[in-house]
2 protein chains.
Amino acid sequence: MSENVELSPVDLDILRLLQNDARITNKDLAAAVGIAPSTCLDRVARLRDTGVITGQHASVDAAKLGRPLEAFLFVQVRPHRRPLVDPFIEHLLSLPEVRAVYHLTGPDDFLAHVATSSAGELQRLVLDELTARDEVARVHTNLVFQHWSGGPLLPPGT
Amino acid sequence: MSENVELSPVDLDILRLLQNDARITNKDLAAAVGIAPSTCLDRVARLRDTGVITGQHASVDAAKLGRPLEAFLFVQVRPHRRPLVDPFIEHLLSLPEVRAVYHLTGPDDFLAHVATSSAGELQRLVLDELTARDEVARVHTNLVFQHWSGGPLLPPGT
DNA sequence: TATGAAAGCCTTTGGGG
DNA sequence: CCCCAAAGGCTTTCATA
């Protein structure tokens, strides 16, 4: 788990491929990067053990789950102290509509990415789960038209 | 790929488990949700075919890749028209530092989540890749102290 | 839509270069 | 650090209800 891990070009190829498809078979992965399957297994295990690979997750379409309306909530928490901040984060993360939370520098302290079923539910979220709390000084809401996301590595072949 | 997909409680359990660990074996997944392995394979295939599951990706630690400094860039693009907007998005997505791009309502049109090696590289990104372009009216930069993220479903057991 | 059984392939381990 | 080879387990298919 040390912060500095040496990554060979082969490791980077493996990461790129697993980032694009976490369920590629070890055999195919080995063939794609040009090493033996057993070697590949070793390398992937090492990438996991050193914390370079932190997990593998299926991506689920929020809209298909009945939450087609996404938004960013910019939240100012005052006073900005641990005894208030830590429970606030816990609260955010316990909400099923919350997809991600970021603690930021700048005038707004937190950014919450949420997916809701409707404008009404979004309003409820803001009024009942955020501004109703004493430590929440203000909330700005921006809707998400569209988004693109990926891992920290460009896909293979670029 | 229709927008409305009926999801049984078993489907939701499957989604939760795959969201948490995309490499769980089909056998274990079937046992966890209480159906036969062959049935489970069918259900997962259906979830894929209907677009509920859109992919499966290994999570890679950006810091371990040498990009420990994350930030959000709020970008105003003027004039806000397709002939300018579409190439701008393409440009953002082609940058290796960019992890996600959001097209938003509000005074700032785009939000880019970036991971950089240093403050110097972040500065270069802002000056050379963003404000150097005619259509970029302004950029606000906020650093990310910490972030938490997950899929649109709460984990199993909550 | 769900199941069980069988065939084949993949993962995984251990020895060796 | 890499590879080969073998054993065991898993995936996947298909007939059946």
Side-chain angles (χ1 to χ4, degrees), chain A residues 1-61 63-66 151 153 155-157, chain B residues 1-61 63-66 151 153 155-157:
Chain A
M1 273 295 190
S2 76
E3 280 304 319
N4 282 332
V5 182
E6 285 302 314
L7 295 172
S8 70
V10 170
D11 288 324
L12 290 175
D13 283 343
I14 289 173
L15 290 172
R16 259 185 278 269
L17 287 158
L18 286 178
Q19 183 187 262
N20 279 9
D21 177 10
R23 295 202 69 145
I24 185 175
T25 66
N26 182 64
K27 180 177 176 273
D28 288 347
L29 181 59
V33 303
I35 58 180
S38 51
T39 308
C40 189
L41 211 61
D42 271 355
R43 280 198 179 259
V44 173
R46 195 168 314 129
L47 289 170
R48 268 183 234 299
D49 294 343
T50 54
V52 179
I53 295 174
T54 59
Q56 48 234 338
H57 311 282
S59 303
V60 178
D61 185 332
K64 293 272 166 63
L65 256 49
L153 285 165
Chain B
M1 272 293 191
S2 76
E3 279 305 318
N4 281 331
V5 182
E6 285 302 314
L7 295 172
S8 70
V10 170
D11 288 323
L12 289 174
D13 283 344
I14 289 174
L15 289 173
R16 260 185 278 270
L17 288 158
L18 285 178
Q19 183 187 262
N20 277 10
D21 178 9
R23 294 203 67 144
I24 185 175
T25 66
N26 182 65
K27 179 177 177 275
D28 289 348
L29 181 59
V33 303
I35 58 180
S38 50
T39 307
C40 190
L41 210 61
D42 270 357
R43 280 198 180 261
V44 172
R46 196 169 314 130
L47 289 169
R48 266 183 234 301
D49 293 344
T50 54
V52 178
I53 295 174
T54 58
Q56 46 233 338
H57 311 281
S59 302
V60 177
D61 186 331
K64 295 268 166 64
L65 255 47
L153 284 165

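Naming convention: chains lettered A, B, ... in sequence-line order (proteins, then strands); numbering from 1 in each chain.
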[options]: which one has an atom nearest the side-chain heavy atoms of [X]?
X     : options               : result
B:R43 : C:dT1, C:dT3, C:dC10  : C:dT1
A:N26 : C:dT12, C:dG4, D:dT11 : C:dT12
A:T39 : D:dT12, C:dA2, D:dC3  : D:dC3
B:T25 : D:dC10, D:dC3, C:dT11 : D:dC10

Assess whether one donor atom and one acceptor atom, taken from the side chain of A:S38 and the base of D:dC4, lie less than 3.5 Å apart. yes

Presence of salt bridge, B:R46 and B:D49, under 4.0 angstrom: no

[X] [atom1] - [N] [atom2] separation (whole Å):
X     : N      : atom1 : atom2 : value
B:D49 : C:dT1  : CG    : P     : 12 Å
B:K27 : C:dG4  : NZ    : P     : 14 Å
B:R23 : D:dC10 : CZ    : P     : 14 Å
A:D28 : D:dT11 : CG    : C1'   : 14 Å
B:I35 : C:dT3  : CD1   : C1'   : 11 Å
A:I24 : C:dT11 : CD1   : C1'   : 14 Å
A:L41 : D:dG8  : CG    : P     : 18 Å
B:D42 : D:dA15 : CG    : C1'   : 14 Å

Just by distance, do the side chain of [X] and the backbone of [Y] share a donor-acceptor pair under 3.5 Å?
X     : Y     : value
A:R23 : B:R23 : no
B:T54 : A:S59 : yes
A:N26 : A:P37 : yes

So which one's nearest nucleotide on DNA chain D is more toward 5', A:P37 or A:R46? A:R46

Can B:S8 and B:D11 be said to form a side chain to side chain donor-acceptor pair (under 3.5 Å), step by step? CA-CA 5 Å; B:S8 70; B:D11 288 323; 3.2 Å; yes

